[in-house]
Every structure is written in structure tokens, then in C-alpha cells.
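Let me begin by presenting the structure, written as C-alpha cells, before commenting on it.
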Amino acid sequence: MIGMLTARELRLAGAKVRLVERGATGQEASWAGGGILSPLYPWRYPHPVTALARWSQQAYPGFSSTLANETGIDPEWTKNGLLILDSSEKAKAQAWAGSVGARLDLIEPNTISQYEPGLSAPSQEALWMPDVAQIRNPRLLNALKINLPAIGVAVEEYAEITGFVVRNDRVEGVETRRGRITAGSVVVAAGAWSGQLLAGLGYALDVVPVRGQMILFRARPGVVSRIVLSQGCYLVPRRDGRVLAGSTLEYVGFDKTTTEEALAKLSRAAIAMVPSLADYGIERHWAGLRPGSPCGVPYIGEHPRVQGLFVNAGHFRNGVVIGPASARLLADILLRRKPVLDPAPYALEDCANRDYYGTSFAP
Ligand SMILES: Cc1cc2nc3c(=O)[nH]c(=O)nc-3n(C[C@H](O)[C@H](O)[C@H](O)COP(=O)(O)OP(=O)(O)OC[C@H]3O[C@@H](n4cnc5c(N)ncnc54)[C@H](O)[C@@H]3O)c2cc1C
């Protein structure tokens, strides 16, 4: 998604753009994600993540309808709100909401069922964020797959990049399994694989794979209506009634296998939240590799040693929600336009010094 969105931004600004992808576009983490258009427990993230999220949240409704009109595929942007059943961090949450102007209400236990009738009887207050929306990320990716060639982006699939062509500290292109491609600028948006790809250039980008598993209930419309979050597990109801339940957070390297334990854990957590989900079958179980970065702040900017080589990677748990802002910011930096956000917190030079929250950061 990050590569596709960045290609789109650059192309719309008039650049000649080629998107080079190892497999088929729009798979991997961007397909595997839940499409929640907000960080979970957003007050736990440092300001650079919030800034990208807020910009993207404003842009999403228009972006989604433009894509739907131009491609015939509706990404199903839907504002159904986020109901957070844990209120132990309410003071922090309210302070955060006040400071960024987000709507966040405290709901008494006896009224929670008005928001989500199928919940098992909650015993404590909940937090309600009515403006949180979701997007059906596989549909968004399918729309982008149609949109990119239509606006003039050359898309080259099954062409793994194996290295960079660098002369006098300036990038001149990439080497792929299908040959060399020359380019005036190169953007690395290879998700969890970005660190690996850049390793040969003597600069360690701190991006690591973090596996997330997810299951899908074949439920009916109305079984779950809101995005519901409780103790790190969440439910995302799609318009057709299907309900996603996610997710795990596992540091197991580049391993995308699914496990029985995760299946059991996710289905137990989902059914504990909405007991009637037990009446519906689990249609699918999958895993994706998030591009983990320190505090979840992506790297958006130019390589410190190689001119013309840019990076847009490390979006961790929030690439879908922060992707549009991140793509726009990268395009601004590359094209030397006035940036939509202050680029400083995302710069690669800061790699070694990223400690926005010290040890207290818990995504
Ligand atoms: C279970 C799960 C739930 C999530 N839920 C949400 C959510 O609700 N909301 C949210 O905002 N985010 C969510 N995320 C996070 C989000 O999905 C990621 O942050 C985002 O998809 C990262 O996008 P990306 O384009 O950087 O990575 P990817 O989608 O992984 O794309 C990287 C691409 O680079 C290609 N590539 C790699 N190496 C090479 C190479 N050498 N040459 C050519 N191409 C290469 C890959 O094939 C791939 O297509 C979730 C993630 C997971 C796994």
C-alpha cells in the first residue's frame, strides 16, 4: 500500500513513475491488515504518528470516493466508530483527545449495549470514538491496482529488487531479477523487507517483521456494528456482515505461518466480546508481516548517504491509516515541495536516537 500510494502521489504531481514489485502488488501486510483508520489506543503513540493519522483521516472519505468513481471498486470507507471496552487509561485518553481535537466519550456500563447490542454484559465504563472509520483494505488495494496504470504508473510485478545502482553517492537505479532499471530517484517502500533491502548500503534501518494473525467470521450484518477493542483484541465488522478478529503481535522473523494457538486465542477473545459469534463459522485465518519500527514512527525521507534514494517504510501497526499522509509527505520531500507536515521526526538520520516514549511505549 505504501509503495502504491507513493507512486500515485508522485504520478499525480507529474513525475514519470515505475512501481517495481517482487510478487503481485497489494498482497503482504497491506492485504492482511484490518483497515481500522485509527491507531488502537491512539493516545499511546507519539505525536508523529498522530500527525500522520489525523491528516489521513481527513483525506480518506474523498480519496475513497474518488477511487470508487474512477475504478468501479468501492473501498467501503465506513464511519462506524471505535468502542474501547478498557477504560483504565481514561485520563490519558481524554487528555490526548482534548489536545488533538478528537471526539472521545465515556460510556456508562448500562448504556454500552445501546452502542453494540451483542456485547456480553460489560461491567466497566467504555470509551467511545464516534469518528473512527474503517476501510476494506483488500478492496482499496484492488482499486489502486486499476487506478495506477490508468493514471500512467508503469507497474512491473514479479521483479524482485536485489540491489541499487549507486555512483558517486548518488542512486542511478535498481537491479532486479529481470534486469537493471535506471531512475533519477528511487523510493524504497518494501514494508518489513525494507531494512534487509537497504542493508547493503551500510545503513541499518531499524525495521523488523512483526507477525500479525487474524481470523474472519462469516457472520451476518448486525451481529457486530462497531469496531470493538478489548485488551488488545479487536473486532472489525464489514458491510456484508463478516467480522474480522485480530490480532497477534509476534516477533518470529520472516515467518508468515498461522498457528493453532493464535486461532484459539483470537476466537476465544472474539466470542468473549460478542458471544453470538460462536454461531458462525471461521471462514479464513491468515498472517501478515508488519514493518515494525521504533515507537511505530515510519521512516520517511532521503537516505543519509545516498542522494536520490528515499525511504517510506516502517509503518508498523498503522500503515493503512497513516499511508496517505506518509505518501504525500514523501512526495513533498522528493519533489522539494512545501511539506504537508514537518518531516523532521521521520528523518532517517534520527534512526539511532528514536526514543519518543522511552521504555513506556506499548503498542
Ligand atoms: C494482522 C494485521 C492487522 C493490521 N491492521 C491494521 C489496521 O487495522 N489499520 C492500519 O492502519 N494498519 C494495520 N496493519 C498494518 C498495515 O497493514 C501495515 O503497516 C502496512 O500494510 C504496511 O504497508 P507496506 O506497503 O509498507 O508493506 P507491505 O504491504 O508488506 O508491502 C511491502 C511490499 O514490498 C514488496 N517487496 C518486498 N521486498 C521487495 C523487493 N526486494 N523487491 C520488490 N518488492 C519487494 C512486497 O512484496 C510487498 O508487496 C495491520 C497489519 C497486520 C499484519
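All ligand and atom numbering here is 1-based and tracks the order in the structure.
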Self-check item: Arg170 CZ: over 12 foreign heavy atoms closer than 6.0 Å
Solution: yes

Quiz item: Given side chains that start at C-beta, do those of Arg8 and Leu67 come closer than 4.5 Å, heavy atoms only?
Solution: yes

Practice problem: Give the residue and atom name of whichever protein heavy atom lies nearest to atom 35 (C) of ligand 1, and the separation in Å to one decimal. | Solution: Glu21 OE1, 3.4 Å

Practice problem: Take every heavy atom of Ala192, measure it against each atom of ligand 1, and state whether any distance is under 4.0 Å. | Solution: no

Quiz item: If we only count heavy atoms from C-beta on, is the Arg239 to Asp74 side-chain gap below 4.5 Å?
Solution: yes

Quiz item: Strictly by modelled atom types, are Thr258 and Gln213 linked by a side-chain donor-acceptor pair under 3.5 Å?
Solution: no

Quiz item: Does an N or O from Gly35, backbone or side chain, lie closer than 3.5 Å to an N or O of ligand 1?
Solution: yes

Quiz item: So do Leu5 and Pro324 actually touch side chain to side chain, heavy atoms under 4.5 Å?
Solution: yes

Quiz item: Going by the order shown, which atoms of ligand 1 are within less than 4.0 Å of some heavy atom of Val321?
Solution: 10 (C), 11 (O)

Quiz item: Which protein non-hydrogen atom lies closest to atom 24 (P) of ligand 1, naming both residue and atom, and how far is it?
Solution: Ile2 CG1, 3.6 Å

Exercise. Kindly indicate whether the side chain of Ser38, heavy atoms from C-beta on, has any atom under 4.5 Å from the side chain of Ile227.
Key: no

Exercise. Salt-bridge test for Arg242 and Asp240: reply yes if a basic N is under 4.0 Å from a carboxylate O, no otherwise.
Key: yes

Quiz item: Of all the atoms in ligand 1, which lie at a distance below 4.0 Å from a heavy atom belonging to Glu160?
Solution: 40 (C), 41 (N), 42 (N)

Quiz item: For ligand 1, which atoms, with element, lie under 4.0 Å from some heavy atom of Gly212?
Solution: 1 (C)

Quiz item: Can you tell me the protein heavy atom closest to atom 8 (O) of ligand 1 and the distance?
Solution: Ile36 N, 2.9 Å

Self-check item: Heavy-atom nearest option to atom 19 (O) of ligand 1, drawn from Phe316, Trp286, Trp31
Solution: Phe316

Practice problem: Among Val228, Ile36, Leu244, find the residue that satisfies the side chain to side chain contact (heavy atoms under 4.5 Å, CB included) test when tested with Tyr234. | Solution: Ile36

Exercise. Would you kindly specify which portion of Leu197 sits under 4.0 Å from ligand 1, judged on non-hydrogen atoms: side chain, backbone, both or neither?
Key: side chain

Exercise. Using a strict cut-off of less than 4.0 Å between a Lys/Arg side-chain nitrogen and an Asp/Glu carboxylate oxygen, indicate whether Arg305 and Asp169 qualify as a salt bridge.
Key: no

Quiz prompt | Ala313 touching ligand 1 at heavy-atom level, < 4.0 angstrom | solution = no

Quiz item: Rounded to the nearest 0.5 Å, how far apart are CD1 of Ile151 and CD1 of Ile146?
Solution: 13.0 Å

Quiz item: Which residue supplies the protein heavy atom nearest to atom 16 (C) of ligand 1, what is that atom called, and how far is it?
Solution: Gly319 N, 3.7 Å

Quiz item: Which of the atoms of ligand 1 are close to Gly191, meaning less than 4.0 Å from one of its heavy atoms?
Solution: 26 (O), 27 (O), 32 (C)

Practice problem: Ignoring hydrogens and angles, state whether a donor on the side chain of Arg211 or Thr259 is under 3.5 Å from an acceptor on the partner side chain. | Solution: no

Quiz item: Less than 3.5 Å between some nitrogen or oxygen of Ala29 and one of ligand 1, yes or no?
Solution: yes

Quiz prompt | Nearest-contact summary for atom 31 (O) of ligand 1 - protein heavy atom, Å | solution = Glu28 CB, 4.3 Å

Self-check item: Numbered atoms and elements of ligand 1 in range of Arg290, under 4.0 angstrom, heavy atoms
Solution: 51 (C), 52 (C), 53 (C)

Practice problem: Would you please say whether a donor-acceptor pair under 3.5 Å links the side chains of Asn312 and Ser326? | Solution: yes

Quiz item: Quick one: which ligand 1 atoms are inside 4.0 Å of a heavy atom on Gly288?
Solution: 53 (C)

Quiz item: What protein heavy atom is closest to atom 45 (C) of ligand 1, reported as residue, atom name and distance in Å?
Solution: Arg22 CB, 3.6 Å

Quiz item: To the nearest 0.1 Å, how far is atom 50 (C) of ligand 1 from its closest protein heavy atom, and which atom is that?
Solution: Gly33 CA, 3.5 Å

Exercise. Pick one of side chain, backbone, both or neither for how Arg317 approaches ligand 1, counting any non-hydrogen atom pair under 4.0 Å.
Key: backbone

Quiz item: Which of the atoms of ligand 1 are close to His315, meaning less than 4.0 Å from one of its heavy atoms?
Solution: 19 (O)

Quiz item: Roughly how far, to the nearest 0.5 Å, is the CZ atom of Arg103 from the CE atom of Met129?
Solution: 10.5 Å

Quiz item: Relative to atom 36 (N) of ligand 1, which among Ser30, Ser56, Gly323, Ala190 owns the nearest non-hydrogen atom?
Solution: Ala190

Practice problem: Heavy-atom contacts with Met214 under 4.0 Å: which atoms of ligand 1 show up? List them by number with element. | Solution: 1 (C), 3 (C)

Self-check item: Asp86 and Ser88: side chain donor to acceptor below 3.5 Å
Solution: no

Quiz item: Should one rank Ser247, Pro39, Gly3, Gly34 by closest heavy-atom distance to atom 6 (C) of ligand 1, which comes out on top?
Solution: Gly34

Exercise. Given salt bridge (Lys or Arg N to Asp or Glu O under 4.0 Å), test Glu156 with Arg18 step by step and report yes or no.
Key: CA-CA 7 Å; Glu156 198 152 335; Arg18 179 179 293 246; 2.6 Å; yes

Quiz item: What protein heavy atom sits nearest atom 42 (N) of ligand 1, and how far off is it?
Solution: Ile161 N, 2.9 Å

Self-check item: Heavy-atom gap Tyr234 to ligand 1 smaller than 4.0 Å
Solution: yes

